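In the text below, chain A, chain B and the rest are named by the order of the sequence lines, each starting its count at 1. Please read these numbers as outputs of a predicted model, since none were measured by experiment.
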Amino acid sequence: MTPEPPYRFDQTHMAADVVAAFDSLEPGAESGQSVSVAGRVMLHRHQGKLDFAELRDSSGAVQLFAGTGWTGAFDGFTALSLGDWVGATGEVVRTRRGELSVKVADWVLLAESRRGFGDKWKGVTDVDTRYRQREVDLWANEDSRRTLLARSRLVSETRRFLEERRFIEVETPTFHPVVGGADARPFVTHHNSLDVDLYLRIEEEIYLKRLVVGGVERVFEIGRVFRNEGLSPRHNPEFTMLELYQAYADYTDMMAISEELVAHLAQELTGGTVVEYAGRPVDLTPPWRRAPMAELIEESIGRPADLSCDLEDLRRVASDHEVPFEARWGPGKLMLEIYEKTTETNLWDPVFVCDYPQEVSPLARVHRSRPGYVERFEGVVVGRELCNAFSELTDPDDQRTRFEAQVQEKLAAGNSDARVDEDYLRALENGLPPTGGLGMGIDRLVMLLTGAQSIRDVIAFPTLRPEAGRP
RNA sequence: GGGGGCGUAGGUCAGUGGUAGACCAGCGGACUUUUAAUCCGUGUGUCGAGGGUUCGAUCCCCUCCGCCCCCA
């Protein structure tokens with residue numbers, strides 16, 4: 001019979017604190033000080049009238065040392081299973097073999113682990129189990145705990161970094177009446193009492209820029225966005241995006257803040273700005289290379305593929321490089337596809353890929369000196385997009401024209417959800433000052449700085465096929 | 001949707017055309033300073049599911065399911 005567990009337990013020390021505070025205790029010595037610790041039993045060694053257990057809490061681990069001569073309910077203690085939660089009180093001692101220990105006088109079972117234990121040496125390696133039962137993964141695998149903590153620190157440091165620069169954090173709606181400006185399929189849901197369909201947001205930018213119109217000159221949001229697309233090691237249908245908007249700034253300011261933020265986070269999390277990913281060094285030290293997309297494509301494939309080429313040239317380049325394309329695509333879309341298929345994945349060290357075709361960038365302002373292009377960049381690291389930024393389009397008439405073209409394009413692509421966002425156009429008519437905007441994928445940033453190969457390793461509960469549905 | 005890989009005990013993994021093994025965990029026992037403790041004893045299972053070939057299938061073949069990776 002298992003007694004009812006207590007409702008609370010007074011913990012005086014974390015395991016790591018005990019180990020640190022009594023560092024100087026000699027082997028065989030007793031401190032005379034009693035502590036109470038709590039956590040899970042991770043290893044257990046019974047030896048006749050003695051019993052040793054490794055107790056782990058969120059700070060680390062400390063050994064529990066029980067014996068018939070000093071431990072209440074000793075037989076019960078020896079019967080503890082791996083994974084059981086225990087609270088224990090006793091004097092801090094160091095054993096003759098030198099292990100700092102709590103010499104257990106009293107102890108209490110806080111919860112049983114009824115469902116077996118992973119391999120105590122290898123943990124749990126089955127990826128399906130690790131993702132479906134993250135609670136098991138977390139207590140069995142040190143790497144999993146480290147990643148979770150790194151993510152928490154990264155988000156926390158990001159807030160601090162931005163707040164120090166006078167950015168204000170806000171929360172904008174997750175339900176959008178109109179699909180946003182990014183190029184992604186939305187999830188659709190329905191509000192019963194309003195009897196309207198709503199879309200889960202695919203980005204945060206529209207509402208954030210409306211706040212800039214309202215006078216919030218530096219604003220950011222760290223929030224969940226949703227894209228109804230496939231799963232892959234780099235894509236989860238819901239993921240976390242940082243977006244920030246800064247009045248009176250342009251995309252060059254966004255480059256500066258991007259590289260400073262990433263370098264700062266790398267420093268905080270890894271102790272330096274050169275990190276290792278997939279066995280290769282990545283130098284995140286600012287300043288990052290800045291190069292027009294057209295230049296990078298030509299570097300990669302040895303011939304130009306940009307808006308100075310005519311449509312037939314671009315189609316030929318696409319064909320030569322096995323880039324599939326559709327007849328209705330204009331030169332800008334072709335150029336972007338060629339870039340993505342031939343160039344992007346080869347960019348290892350960070351580079352700001354600048355000056356996108358206007359055709360594929362409905363929310364970015366036209367380039368001040370390069371016709372056909374907009375002032376937009378993506379920060380690419382280890383061959384992946386990490387962030388995306390513009391000098392924001394502020395002209396309501398131009399914005400309307402772009403939205404209408406985008407809606408036509410989406411309808412042509414079979415997307416019946418496309419509509420012009422009249423609310424946003426009305427907001428622009430109230431005046432958006434020159435503004436720089438930046439979006440950064442938090443999940444991919446955590447991957448980069450923790451070495452994770454899959455986005456599922458940095459999301460506590462990634463999207464999975466439901467287990468139910470088996471016959 | 002196409003290609004490749006994987007699926008064996010609670011965990012980590014071997015293995016064979018003659019219905020299965022190791023270690024750990026579990027259970028019983030010994031042990032007063034252990035460190036993945038050790039030692040003795042002990043049980044593990046629809047070998048992912050279904051069908052086929054075969055005297056006989058966990059193994060070979062087919063279909064399906066699930067997971068991972070690559071591609072679209």
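Using a 4.5 Å heavy-atom cutoff, the side chains of A:Lys333 and A:Arg328 are not in contact. Looking at heavy atoms from C-beta onward, A:Arg151 lies out of side-chain contact with A:Leu449 at the 4.5 angstrom threshold. With contacts defined as side-chain heavy-atom distances shorter than 4.5 Å, the pair A:Ser36/A:Thr12 qualifies. Between A:Lys103 and A:Glu30, some side-chain heavy-atom pair lies under the 4.5 Å cut-off.
Using cut-offs of 30° and 60° on the angle between ring planes, the pair A:Phe52 and A:Phe65 is parallel. The aromatic rings of A:His13 and A:Phe22 lie tilted to each other, with the angle between the two planes from 30° to 60°. Note: A:Trp348 and A:Tyr277 have tilted aromatic rings, judged against thresholds of 30 and 60 degrees for the angle between ring planes.
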Quick one: which protein N/O atoms are closer than 3.5 Å to N/O atoms of nucleotides 5-12 of chain B? Pair and distance per line, please.
residue: B:rG11; atom: O2'; partner: A:Asp119; partner atom: N; Å: 2.4
residue: B:rG11; atom: O2'; partner: A:Gly123; partner atom: O; Å: 3.3
residue: B:rG11; atom: N2; partner: A:Asp119; partner atom: OD2; Å: 3.0
residue: B:rU12; atom: OP1; partner: A:Thr125; partner atom: N; Å: 3.3
residue: B:rU12; atom: OP1; partner: A:Asp126; partner atom: N; Å: 3.3
residue: B:rU12; atom: O3'; partner: A:Thr125; partner atom: OG1; Å: 3.4
residue: B:rU12; atom: O2'; partner: A:Lys122; partner atom: NZ; Å: 3.0

Close N or O pairs between protein and nucleotides 20-22 of chain B (under 3.5 Å):
none

Pairs under 3.5 angstrom, nitrogen or oxygen only, protein versus nucleotides 27-31 of chain B, please.
residue: B:rC31; atom: N3; partner: A:Gly48; partner atom: N; Å: 3.0
residue: B:rC31; atom: N4; partner: A:His46; partner atom: ND1; Å: 3.4
residue: B:rC31; atom: N4; partner: A:Gly48; partner atom: N; Å: 3.3

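Residues satisfying the side chain to side chain donor-acceptor pair (under 3.5 Å) criterion with A:Thr71, sequence neighbours excluded, are absent altogether. Every residue meeting the side-chain contact (heavy atoms from CB on, under 4.5 Å) condition with A:Arg290, not counting sequence neighbours, appears here in chain and number order: A:Met255, A:Glu259, A:Pro287, A:Phe352, A:Cys354. With sequence neighbours excluded, the residues that form a ring-ring contact (aromatic ring centres under 6.0 Å, His included) with A:Trp139 are A:Phe117. With sequence neighbours excluded, no residue forms a side chain to side chain donor-acceptor pair (under 3.5 Å) with A:Thr68. The ring-ring contact (aromatic ring centres under 6.0 Å, His included) check on A:Tyr356 picks up nothing, with sequence neighbours excluded.
Under the 4.0 Å criterion applied to side-chain N and carboxylate O atoms, A:Glu276 and A:Arg280 are not assigned as salt-bridge partners.
Remark: P of B:rG26 and CZ of A:Arg114 are 17 Å apart, rounded to the nearest angstrom. Remark: C1' of B:rC24 and CZ of A:Arg45 are 15 Å apart, rounded to the nearest angstrom. Spacing between atom CG of A:Asp128 and atom P of B:rC69 amounts to 11 Å, rounded to whole angstrom units. Distance, A:Glu99 CD to B:rU32 P: 21 Å, rounded to whole Å. Separating the CH2 atom of A:Trp121 from the C1' atom of B:rC23 is a distance of 14 Å, rounded to the nearest angstrom. Straight-line distance from the NE2 atom of A:His235 to the P atom of B:rA72: 13 Å, rounded to whole Å. Distance NZ (A:Lys103) to P (B:rU32): 16 Å, rounded to an integer number of Å. A straight line from CD1 of A:Ile455 to C1' of B:rC69 spans 16 Å, rounded to a whole angstrom.
When the C1' atom is compared between B:rA22 and B:rC69, the two are found 30 Å apart, to the nearest whole Å. Using C1' as the reference atom, B:rG66 and B:rU16 are 26 Å apart when rounded to the nearest Å. Taking atom P on both B:rG10 and B:rG51, the two are 23 Å apart, rounded to the nearest angstrom. Nucleotides B:rG21 and B:rU44 have their C1' atoms positioned 12 Å apart, rounded to a whole Å. Taking atom C1' in both B:rU63 and B:rU53, the straight-line distance is 15 Å, to the nearest Å. The same atom, C1', is picked in B:rC6 and in B:rG52; the two are 23 Å apart, to the nearest Å. Rounded to whole Å, the P atom of B:rC65 lies 27 Å from the corresponding atom of B:rU54.
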- Message: Under the criterion salt bridge (Lys or Arg N to Asp or Glu O under 4.0 Å), I'd like the reasoning laid out for A:Arg130 against A:Asp457: C-alpha separation, chi angles, the key distance, then a yes or no.
- Response: CA-CA 9 Å; A:Arg130 291 185 46 228; A:Asp457 291 326; 3.6 Å; yes
- Per-nucleotide protein contact string for nucleotides 42-47 of chain B (B base, S sugar-phosphate only, - none; heavy atom under 4.0 Å): ------
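For the atom pair CD1 (A:Ile202) and CD (A:Glu229), the distance works out to 8.5 Å, reported to the nearest 0.5 Å. Between the CG atom in A:Asp443 and the NE2 atom in A:His235 there is a gap of 11.0 Å [rounded to 0.5 Å].
For the side chain to side chain donor-acceptor pair (under 3.5 Å) with A:Asn388, the qualifying choice from A:Glu205, A:Arg376, A:Glu203 is A:Arg376, the only one to do so. Tested against A:Leu242 for a side chain to side chain contact (heavy atoms under 4.5 Å, CB included), the candidates A:Ile442, A:Leu445, A:Val155 yield a single pass: A:Ile442.
Counting non-hydrogen atoms under 4.0 angstrom, A:Leu50 reaches a base of the nucleic acid. Looking at heavy-atom distances under 4.0 Å, A:Phe65 makes contact with a base. Across all strands shown, A:Arg132 has heavy atoms under 4.0 Å from sugar-phosphate atoms exclusively, and none from any base.
Proximity note for A:Leu82 (side chain, C-beta onward) versus B:rA25, B:rC67, B:rA36: the nearest is B:rA25. Listed nucleotides B:rA72, B:rC67, B:rC69 differ in distance to A:Ser454; the shortest reach to its side chain belongs to B:rC69. Closest contact between the side chain of A:Leu43 and the listed nucleotides B:rC70, B:rA36, B:rU35 involves B:rA36. Closest to the side chain of A:Thr95, from the set B:rU35, B:rC70, B:rU32, is B:rU35.
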- Item | Base-pair map of RNA chain B as dot-bracket, where | denotes pairing with a different strand and pairs are Watson-Crick or G-U under 3.5 Å | (((((((..((((....[..)))).(((((.......))))).....(((((..]....)))))))))))).
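Here the closest non-hydrogen pair linking A:Asp126 and A:Thr129 is OD2-OG1, 2.8 Å.
Taken residue by residue, residues 51-59 of chain A places heavy atoms nearer than 4.0 Å to RNA chain B at A:Phe52.
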Can you give each donor-acceptor pair under 3.5 Å made by side-chain atoms of residues 291-305 of chain A, sequence neighbours left out, with the distance rounded to 0.1 Å?
residue: A:Glu295; atom: OE2; partner: A:Arg289; partner atom: NH2; Å: 3.2
residue: A:Glu299; atom: OE1; partner: A:Arg289; partner atom: NH1; Å: 3.4
residue: A:Glu299; atom: OE2; partner: A:Arg289; partner atom: NH2; Å: 2.5
residue: A:Ser300; atom: OG; partner: A:Thr342; partner atom: O; Å: 3.0
residue: A:Arg303; atom: NH1; partner: A:Asp320; partner atom: OD2; Å: 2.9
residue: A:Arg303; atom: NH2; partner: A:Asp320; partner atom: OD2; Å: 3.4

